Amino acid sequence: MRETVKASGGLVINKKGEILFIFRKGMWDLPKGKLDSGELLDETALRETSEETGIPLKKLRMVTYLTNTTHPYYGTEIKLKEISWYLLRTKYDGKLKPEKSEGITECKWVHPDEFDRIKNECPMRVKYLINFYLSILHFGLI
């Protein structure tokens, strides 16, 4: 059985209803990362989002757990990466700072109506997550 790497990430919404994206390895993605020892999944989502985008930790607010995604993870051997996704909100409107040491070259806010413009440059898990978020938003579940 393959090892599963646990990770957590944030789908971040600002006060304009825009979604925060990061650009890494030629793809638009969402902030995420592996759990640190002793850390809870929701703590990881907040920490990684702050680290990868430059939004101060105190400016991020946890709203709710959304869902999990799983995909192959290619390191020295093939593993599975299971990501727990959380909905985060922020009123932060300062400058975003991509974490260059993690290969992130850009961070930007995208209105959901504009998602079609970049969705072909997103991993399947991000397309799934955005569509999941939009559907629960549409039905007033959040």
Side-chain angles (χ1 to χ4, degrees), residues 1-15 17-92 94-142:
M1 186 165 155
R2 296 205 190 279
E3 179 186 348
T4 300
V5 176
K6 296 282 188 176
S8 190
L11 191 158
V12 186
I13 306 299
N14 67 11
K15 56 189 172 187
E18 297 167 319
I19 301 167
L20 180 59
F21 285 88
I22 61 172
F23 195 75
R24 173 177 25 208
K25 298 180 183 174
M27 301 288 281
W28 288 105
D29 206 340
L30 300 174
K32 66 185 174 314
K34 296 181 212 166
L35 261 63
D36 283 348
S37 180
E39 191 173 47
L40 300 174
L41 290 166
D42 58 346
E43 294 169 339
T44 301
L46 290 164
R47 176 184 54 77
E48 286 289 343
T49 298
S50 178
E51 289 174 359
E52 293 188 352
T53 66
I55 297 175
L57 194 56
K58 64 183 179 191
K59 297 286 186 177
L60 290 166
R61 182 176 60 86
M62 177 69 58
V63 177
T64 192
Y65 164 79
L66 289 171
T67 191
N68 279 16
T69 60
T70 304
H71 67 276
Y73 175 69
Y74 305 96
T76 54
E77 59 185 67
I78 299 173
K79 302 175 184 178
L80 290 177
K81 183 182 272 186
E82 181 179 0
I83 306 169
S84 297
W85 293 101
Y86 292 85
L87 179 62
L88 309 177
R89 291 207 183 269
T90 187
K91 293 181 181 177
Y92 180 76
K95 184 176 177 172
L96 299 171
K97 298 173 194 133
E99 188 177 23
K100 304 238 187 250
S101 66
E102 290 285 329
I104 301 168
T105 57
E106 187 178 351
C107 300
K108 76 174 180 178
W109 295 104
V110 175
H111 192 276
D113 293 342
E114 300 170 343
F115 179 60
D116 280 347
R117 273 189 311 114
I118 67 165
K119 74 178 180 184
N120 291 330
E121 300 174 59
C122 295
M124 186 60 70
R125 69 183 171 276
V126 171
K127 292 178 196 177
Y128 166 78
L129 188 63
I130 299 299
N131 287 328
F132 179 80
Y133 166 73
L134 293 175
S135 67
I136 61 176
L137 186 65
H138 174 76
F139 289 107
L141 299 174
I142 54 170

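These values consider heavy atoms only, across backbone and side chains, with no hydrogens, waters or symmetry-generated copies. Quantities reported herein were computed from a predicted structural model and do not represent experimental measurements.
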Please give me the minimum heavy-atom distance between Pro31 and Trp85, naming the atom from each residue. O-CZ3, 3.8 Å
One should read off an interatomic distance between Lys6 NZ and Lys81 NZ, to the nearest 0.5 angstrom, of 13.0 Å
Looking only at heavy atoms, which two atoms of Tyr86 and Leu66 are closest? And how far apart? C-CD1, 4.0 Å
For Val63 and Leu88: C-alpha separation, side-chain torsions, deciding distance, then whether side-chain contact (heavy atoms from CB on, under 4.5 Å) applies. CA-CA 5 Å; Val63 177; Leu88 309 177; 5.9 Å; no
Before giving the answer on side-chain contact (heavy atoms from CB on, under 4.5 Å), spell out for Tyr133 and Ile13 the whole-Å C-alpha distance, their side-chain angles and the decisive distance to 0.1 Å. CA-CA 11 Å; Tyr133 166 73; Ile13 306 299; 3.6 Å; yes
Are the side chain of Thr49 and the backbone N or O of Leu46 linked by a donor-acceptor pair below 3.5 Å? no
Side-chain contact test, heavy atoms from C-beta onward, threshold under 4.5 Å: evaluate it for Asn120 versus Lys127 and give yes or no. yes
Nearest-0.5 Å distance, CD of residue Glu102 to CD of residue Glu48: 7.0 Å
When rounded to the nearest 0.5 angstrom, what distance separates CG in Asn68 from OG in Ser8? 8.5 Å
Closest heavy-atom contact between Lys59 and Ile55? CB-CG2, 4.0 Å
Under the criterion side-chain contact (heavy atoms from CB on, under 4.5 Å), I'd like the reasoning laid out for Thr53 against Cys107: C-alpha separation, chi angles, the key distance, then a yes or no. CA-CA 6 Å; Thr53 66; Cys107 300; 4.2 Å; yes
Is the shortest heavy-atom distance from the side chain of Lys108 to the side chain of Ile118 under 4.5 Å? yes
Glu39 and Thr44 have their tightest heavy-atom pair at OE1-OG1, 2.7 Å
Please evaluate residues Glu51 and Arg47 with respect to the criterion salt bridge (Lys or Arg N to Asp or Glu O under 4.0 Å), reporting the C-alpha separation (whole Å), side-chain torsions for both, the decisive distance (0.1 Å), and the verdict. CA-CA 6 Å; Glu51 289 174 359; Arg47 176 184 54 77; 3.2 Å; yes
Can you tell me how far the CD atom of Glu3 sits from the CG atom of Leu80, to the nearest 0.5 Å? 9.5 Å
Donor-acceptor pairs under 3.5 angstrom involving side-chain atoms of residues 17-29: please list them, not counting sequence neighbours.
residue, atom, partner, partner atom, Å
Glu18, OE1, Asn14, ND2, 2.7
Arg24, NH2, Glu52, OE1, 3.4
Asp29, OD2, Lys32, NZ, 2.7
Asp29, OD2, Arg125, NH2, 3.2

Please walk me through it: do Thr70 and Ile83 pass side-chain contact (heavy atoms from CB on, under 4.5 Å)? CA-CA 6 Å; Thr70 304; Ile83 306 169; over 6 Å; no
What pair of heavy atoms forms the shortest contact from Gly10 to Ala45, and how long is it? N-CB, 4.4 Å
Nearest-0.5 Å distance that lies between atom CG in Leu11 and atom OG1 in Thr67: 11.5 Å
Are more than 12 heavy atoms from other residues, nucleotides or ligands located less than 6.0 Å from atom NZ of Lys91? no
Are Leu35 and Val5 side-chain neighbours, meaning at least one heavy-atom pair lies under 4.5 Å? no
Check: Met62 and Leu60 side chains under 4.5 Å, non-hydrogen atoms: no
Inter-residue atom distance Ile104.CD1 - Lys97.NZ, 0.5 Å rounding: 14.0 Å
With a 4.5 Å limit on heavy-atom distance, are the side chains of Leu134 and Pro112 in contact? yes
Do the side-chain N and O atoms of Glu82 and Thr4 include a donor-acceptor pair separated by under 3.5 angstrom? no
Grab the two heavy atoms, one from Pro56 and one from Ser50, that are nearest each other, plus how far apart they are. C-OG, 3.9 Å
